[in-house]
Amino acid sequence: MYILGIDTSCDDTCTAILEDGKRLLSNIVNSQVIVHHRYGGVVPELASREHIRNIVPVVRESLRKAHLNNRDIDAIAVTMGPGLVGALLVGIYFAKAFSYANNIPLIGINHLEGHILSIFLEKRSPPFPFVALTVSGGHTNIYHVHDFGDYTVLGQTLDDAAGEAFDKIAKLLYLGYPGGPEIEKLAATGRPEAIEFPRAYLSKDSLDFSFSGLKTAVALYFRKWRNQKTREHKIKIADIAASFQAAVVDILIDKVIAATDQVGVKSVVLAGGVARNNYLRCKLQKAMSKKGIDLYTPRLEFCTDNGAMIAVAGYHRIIRGERDDLTLDAKSRFPLDQIQTPH
Ligand code: KG4
Ligand code: ZN
C-alpha cells in the first residue's frame, strides 16, 4: 500500500510516499527559511502563499523520486491541525482534490500524532506502552502512548513551547532564525553552569511546563550584561546561551523522569524539532540509562516537520478502517486526545 503524506502546518511544504507503513520511497521538505528569515519568525500569510506555489511541484517530485505516478497511490494522509490555518488549508485542499480525482481514501492527521509516530519510520521502534516527549516550535507535550491512535496527555506547556523559547532567546541575542540550531551552536562554546537561570517545576507532581519565566530571566540578564554591569564576572554571550539551554533541558528531563515514574513505563520517545538538539539527546540518554529506561529518538530529518511522519500515522489509521470525507477541515488548536478512536 502506497500512502502519500502531506504536511503544510507551518513553514515547510512536506510530502512523502511510504510503502506498507515502513518503507520510505521519498521524503521531500521544501523549506521556506529564506522567505521568513528576515522577519525573525514565520509570517503566516507568506507561508500560505509559498505552500500554494510549492505544493504541486513538491508532490510531483515525491512521485518522481518514488518512481510512481498519481494512479499508484492508495491513500492520502494530510495534517489537519494544529498549525497555521491558512497554511494547513493548502495541504488539506490539495489532499481533497487528489483523493477525489484518484478515487482513493483521505485521512486527516493530528500533527502531534505524526511527531510521536515518526519513531516508527526507524528500524528500532518502541514497544507499547511508552512515554513520548514532543518538543517543537509550537508544542511541548508529554504523552502516555498506549497504542497507535490511543494517547493520554500527561503534561503540556502553559505558555511558550520549548522551541519557541529557543527562537525568542535567539532573536534577543541577535542570532538567526530558526533559533534552536543557532543557540545550540553558540552554547557549545559556553558553560552551562555559568548562570543559574530559574527552572519552573510548577506544582508537585505536575508534568506541565512553563518557559515564560525563564525567557524573562534571560532577557533581563542579557540587558544588564549588555550594559556591562555583569562583565566583571567574565560572562560571555555563549555562557548565556549554554545556561539557557541547560535550564530548558533540565526541566524537560526531570519531567520525563517524573512521567515514567507516574505511569511506570520502560520506554521513552523523544520527538519534534527540538529533539534535534544534541545536548538534549545526550543528557536525556544518560538520564534514561541511569533509570534502566530505553530511549528512542528518530534520526534528525524525522525530528523536524516532514511528510513521512504524517504518512506513517495515516497508514495506521487507514488499516484500522478510518476515513475522512471532503468536509475535512483545518483545526488551529487540536489536542491529540480529542481524536475519536474506535476501541
Ligand atoms: O517540529 P518543528 O519542525 O516544527 C513545529 O512543529 O514547530 O520544530 C521547529 C522548532 C523550532 O522552534 C526550532 O528552533 C527548533 O525546532 N529546533 C531546535 C533545534 N533544531 C530545531 N531547537 C533546539 N536545538 C536544535 N538543534
Ligand atoms: Zn512539528
Side-chain angles (χ1 to χ4, degrees), residues 1-9 12-30 51 54-81 83 88-123 125 128 145 147-151 298-299 301-302 305-331 334 336 339-343:
M1 181 195 282
Y2 296 118
I3 299 215
L4 173 62
I6 296 187
D7 184 275
T8 60
S9 60
D12 293 321
T13 313
C14 311
T15 66
I17 297 174
L18 189 68
E19 185 181 2
D20 296 333
K22 205 74 198 176
R23 208 164 84 84
L24 193 57
L25 304 183
S26 64
N27 188 36
I28 314 283
V29 177
N30 188 285
H51 286 310
N54 294 334
I55 187 79
V56 172
V58 173
V59 169
R60 279 210 180 111
E61 177 65 5
S62 258
L63 288 164
R64 193 191 61 75
K65 271 206 154 164
H67 305 291
L68 298 174
N69 65 45
N70 288 359
R71 283 174 305 281
D72 296 319
I73 300 298
D74 297 298
I76 182 160
V78 63
T79 301
M80 60 183 289
L88 288 164
L89 284 174
V90 179
I92 291 173
Y93 276 87
F94 177 89
K96 284 184 190 180
F98 194 94
S99 149
Y100 183 75
N102 295 292
N103 196 22
I104 55 169
L106 166 74
I107 188 85
I109 297 296
N110 184 307
H111 183 77
L112 295 160
E113 179 176 36
H115 274 304
I116 294 170
L117 299 187
S118 62
I119 196 64
F120 292 94
L121 293 161
E122 301 291 2
K123 271 208 188 85
S125 51
F128 292 105
V145 181
D147 201 346
F148 290 113
D150 192 358
Y151 315 96
R299 74 190 77 164
E301 65 189 284
F302 297 150
D305 292 349
N306 63 83
M309 68 187 198
I310 302 305
V312 87
Y315 171 79
H316 289 284
R317 289 194 174 271
I318 291 284
I319 59 171
R320 285 201 303 271
E322 295 181 37
R323 302 286 185 270
D324 278 302
D325 60 25
L326 297 181
T327 60
L328 181 72
D329 207 357
K331 284 185 168 198
F334 188 10
L336 187 48
I339 294 178
Q340 300 296 312
T341 46
H343 285 282

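None of these values were measured; they are calculated from a predicted model. For the single chain, residues carry numbers from 1 onward in sequence order.
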Legend entry - Atom of Asn27, atom of Ala16 and distance for their closest heavy-atom approach: OD1-CB, 3.5 Å
Legend entry - Heavy-atom side-chain contact between Ile116 and Leu336 under 4.5 Å: yes
Legend entry - Within-4.5 Å side-chain heavy-atom neighbours: Ile318 and Arg323: yes
Inset, instruction - Measure the acute angle between the ring planes of Phe120 and Phe128, then classify it against the limits of 30° and 60° as parallel, tilted or perpendicular. - result: parallel
Legend entry - Heavy-atom pair of closest approach, residues Pro298 and Ile119: N-CD1, 3.5 Å
Inset, instruction - Output all residues satisfying ring-ring contact (aromatic ring centres under 6.0 Å, His included) with Tyr100, sequence neighbours left out; order by chain, then residue number. - result: none
Inset, instruction - State, to 0.1 Å, how close Ala77 and Ile109 come at their nearest heavy-atom pair, and which atoms those are. - result: CB-CG1, 4.1 Å
Inset, instruction - Begin from the C-alpha positions of Phe334 and Leu112 and carry the test side chain to side chain contact (heavy atoms under 4.5 Å, CB included) through to its verdict. - result: CA-CA 9 Å; Phe334 188 10; Leu112 295 160; over 6 Å; no
Legend entry - For Val312 against Gly21, the heavy-atom pair lying closest together: CG2-O, 3.5 Å
Inset, instruction - State the OG1-CD distance between Thr13 and Glu61, to the nearest 0.5 angstrom. - result: 13.0 Å
Inset, instruction - Check each of Ile17, Leu4, Thr15 against Leu63 using the side chain to side chain contact (heavy atoms under 4.5 Å, CB included) test, and report the only one that passes. - result: Ile17
Inset, instruction - To the nearest 0.5 Å, tell me how far Ser118 OG sits from His115 NE2. - result: 7.5 Å
Legend entry - Test log, rule side chain to side chain contact (heavy atoms under 4.5 Å, CB included), inputs Ile6 and Val58: CA-CA 10 Å; Ile6 296 187; Val58 173; over 6 Å; no
Inset, instruction - Calculate, to the nearest 0.5 Å, the distance between atoms CD and CG belonging to Glu19 and Asp74 respectively. - result: 9.5 Å
Inset, instruction - Answer yes or no: are there more than 12 heavy-atom neighbours, outside Arg299 itself, under 6.0 Å from its atom CZ? - result: yes
Inset, instruction - To the nearest 0.5 angstrom, please state how far the CG atom of Asp150 sits from the CD atom of Glu113. - result: 10.5 Å
Legend entry - Check: Gly149 main-chain N/O paired with Tyr151 side-chain donor or acceptor under 3.5 Å: yes
Legend entry - Validation row: Asp12, Asp7 side chains within 4.5 angstrom (heavy atoms): no
Inset, instruction - Answer yes or no: does atom CG of Asn69 have more than 12 heavy-atom neighbours from other residues, nucleotides or ligands under 6.0 Å? - result: yes
Legend entry - Non-hydrogen atoms of Asp305 and Ser9 that approach each other most closely: OD2-OG, 4.0 Å
Legend entry - Side-chain donor or acceptor of Asp20 paired with backbone N/O of Lys22 under 3.5 Å: no
Inset, instruction - Indicate the atoms forming the closest heavy-atom contact of Lys65 with Ser26, along with that distance. - result: CB-CB, 3.7 Å
Inset, instruction - Starting at NZ of Lys331, measure out to CG of Leu88 and round the result to the nearest 0.5 Å. - result: 12.0 Å
Inset, instruction - Compare all side-chain heavy atoms of Phe302 with those of Leu24 and state whether any distance is below 4.5 angstrom. - result: yes
Inset, instruction - Kindly indicate whether the side chain of Leu89, heavy atoms from C-beta on, has any atom under 4.5 Å from the side chain of Asp329. - result: yes
Legend entry - Point-to-point distance, once rounded to the nearest 0.5 Å, from OG of Ser62 to CG of Asn30: 11.0 Å
Inset, instruction - May I ask you to test the Asn306-Glu301 pair for a side-chain heavy-atom distance under 4.5 Å? - result: no
Inset, instruction - Report yes or no: does Asn70 contribute a side-chain atom to a donor-acceptor pair with the main-chain N or O of Asn102 at less than 3.5 Å? - result: no
Inset, instruction - Decide yes or no for Phe98 and Val78: does some side-chain heavy atom of the first lie under 4.5 Å from some side-chain heavy atom of the second? - result: no
Inset, instruction - Find out whether His111 and Met309 are in side-chain contact, i.e. whether some heavy atom of one side chain is under 4.5 Å from a heavy atom of the other. - result: yes
Inset, instruction - Before giving the answer on side chain to side chain contact (heavy atoms under 4.5 Å, CB included), spell out for Leu25 and Tyr2 the whole-Å C-alpha distance, their side-chain angles and the decisive distance to 0.1 Å. - result: CA-CA 9 Å; Leu25 304 183; Tyr2 296 118; 3.5 Å; yes
Inset, instruction - Go through the structure and list residues passing ring-ring contact (aromatic ring centres under 6.0 Å, His included) with His51, not counting sequence neighbours. - result: none
